[in-house]
Chemist: 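Starting off with a structure, shown below.
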Amino acid sequence: ADPGREAPAALVSVARLMMVVGLDPAPVLLRSHAAHPADFRLAFHLGDVFLARDPVRAAGFYRTARGLRPDNFAANINFGVALLKTGDAE
């Protein structure tokens with residue numbers, strides 16, 4: 001499917017289902033984010049996907065999510081966690 005033609009909420013749902021069955025949702029989310037760069041949910045879920053394996057990359061996605069919704073508590077907390085994991089939390 002073409003991520004540019006699908007609703008971001010549907011793409012996030014597909015990614016979450018992929019995680020449940022043990023598949024890596026990163027490729028789907030990355031293509032989706034490229035097609036919908038202003039979608040908070042895609043940026044936030046990409047941060048979640050990359051937090052354990054690449055905290056620097058996760059911090060970038062959480063930073064994007066914070067920019068889209070600056071008052072979102074989870075995006076702010078997760079951004080801080082990602083920075084802690086990178087050693088850049090000052």
Side-chain angles (χ1 to χ4, degrees):
D2 176 11
R5 296 181 60 158
E6 303 297 328
L11 297 164
V12 169
S13 294
V14 168
R16 293 177 66 92
L17 288 172
M18 290 176 72
M19 290 171 57
V20 168
V21 297
L23 298 173
D24 181 11
V28 168
L29 288 171
L30 287 167
R31 284 193 310 273
S32 301
H33 182 62
H36 304 281
D39 189 81
F40 169 82
R41 292 162 296 194
L42 291 170
F44 184 84
H45 286 291
L46 275 163
D48 287 348
V49 166
F50 282 104
L51 186 58
R53 59 177 136 168
D54 188 348
V56 171
R57 198 165 187 188
F61 288 117
Y62 287 133
R63 183 177 288 115
T64 298
R66 287 178 65 230
L68 294 166
R69 291 193 190 167
D71 295 332
N72 185 278
F73 182 77
N76 284 298
I77 293 297
N78 290 7
F79 179 60
V81 169
L83 290 179
L84 282 172
K85 287 181 173 264
T86 67
D88 190 27
E90 287 192 32

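Numbering of residues begins at 1 and proceeds along the displayed sequence.
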Chemist: If you compare all heavy atoms of G47 against all heavy atoms of A58, which two are closest, and at what distance to 0.1 Å?
Modeler: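 Looking at all heavy atoms of both residues, the shortest contact is O-CB, 3.4 Å.
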Chemist: Classify the ring geometry between F50 and F61 as parallel (under 30°), tilted (30 to 60°) or perpendicular (over 60°).
Modeler: parallel
Chemist: In the single-linkage hydrophobic clustering (I, L, V, M, F, W, Y; side-chain heavy atoms under 4.5 Å), do V14 and L23 co-cluster?
Modeler: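 Per the 4.5 Å side-chain linkage, V14 and L23 are co-clustered.
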Chemist: Any idea which heavy atoms bring V49 and A26 closest together, and the distance?
Modeler: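 Closest approach of V49 to A26: CG1-CB, 3.9 Å.
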Chemist: Partners of H36 by ring pair (Phe, Tyr, Trp, His ring centres under 6.0 Å), sequence neighbours excluded?
Modeler: none
Chemist: Can you name the closest pair of heavy atoms from L83 and A59 and give their distance?
Modeler: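 Here L83 and A59 meet closest at CD2-CB, 4.2 Å.
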Chemist: Assess whether side chain to side chain contact (heavy atoms under 4.5 Å, CB included) is satisfied between R69 and F44, documenting all intermediate values.
Modeler: CA-CA 10 Å; R69 291 193 190 167; F44 184 84; over 6 Å; no
Chemist: Could you tell me which residues satisfy side chain to side chain donor-acceptor pair (under 3.5 Å) with N76, sequence neighbours excluded, listed by chain and number?
Modeler: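 Partners of N76 under the side chain to side chain donor-acceptor pair (under 3.5 Å) test: R66.
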Chemist: If a pair satisfies side-chain hydrogen bond (donor to acceptor under 3.5 Å, both in side chains) and one of its residues is in residues 41-56, list it, with sequence neighbours excluded.
Modeler: D24-R53, D39-R41, D48-Y62, D48-N78
Chemist: Would a hydrophobic clustering, with Ile, Leu, Val, Met, Phe, Trp and Tyr connected at side-chain separations under 4.5 Å, put V56 with L46?
Modeler: no
Chemist: Mind listing the closest non-hydrogen atom pair of A65 and A43 along with its distance?
Modeler: N-CB, 4.0 Å
Chemist: I would like to know whether L42 and V12 meet side chain to side chain contact (heavy atoms under 4.5 Å, CB included); could you show each step before the answer?
Modeler: CA-CA 6 Å; L42 291 170; V12 169; 3.6 Å; yes
Chemist: Nearest 0.5 Å, please: how far is CZ in R5 from CG in L11?
Modeler: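 One finds 12.5 Å between CG of L11 and CZ of R5.
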Chemist: Which pair of non-hydrogen atoms, one from T64 and one from P37, has the smallest distance, and what is that distance?
Modeler: CG2-O, 4.4 Å
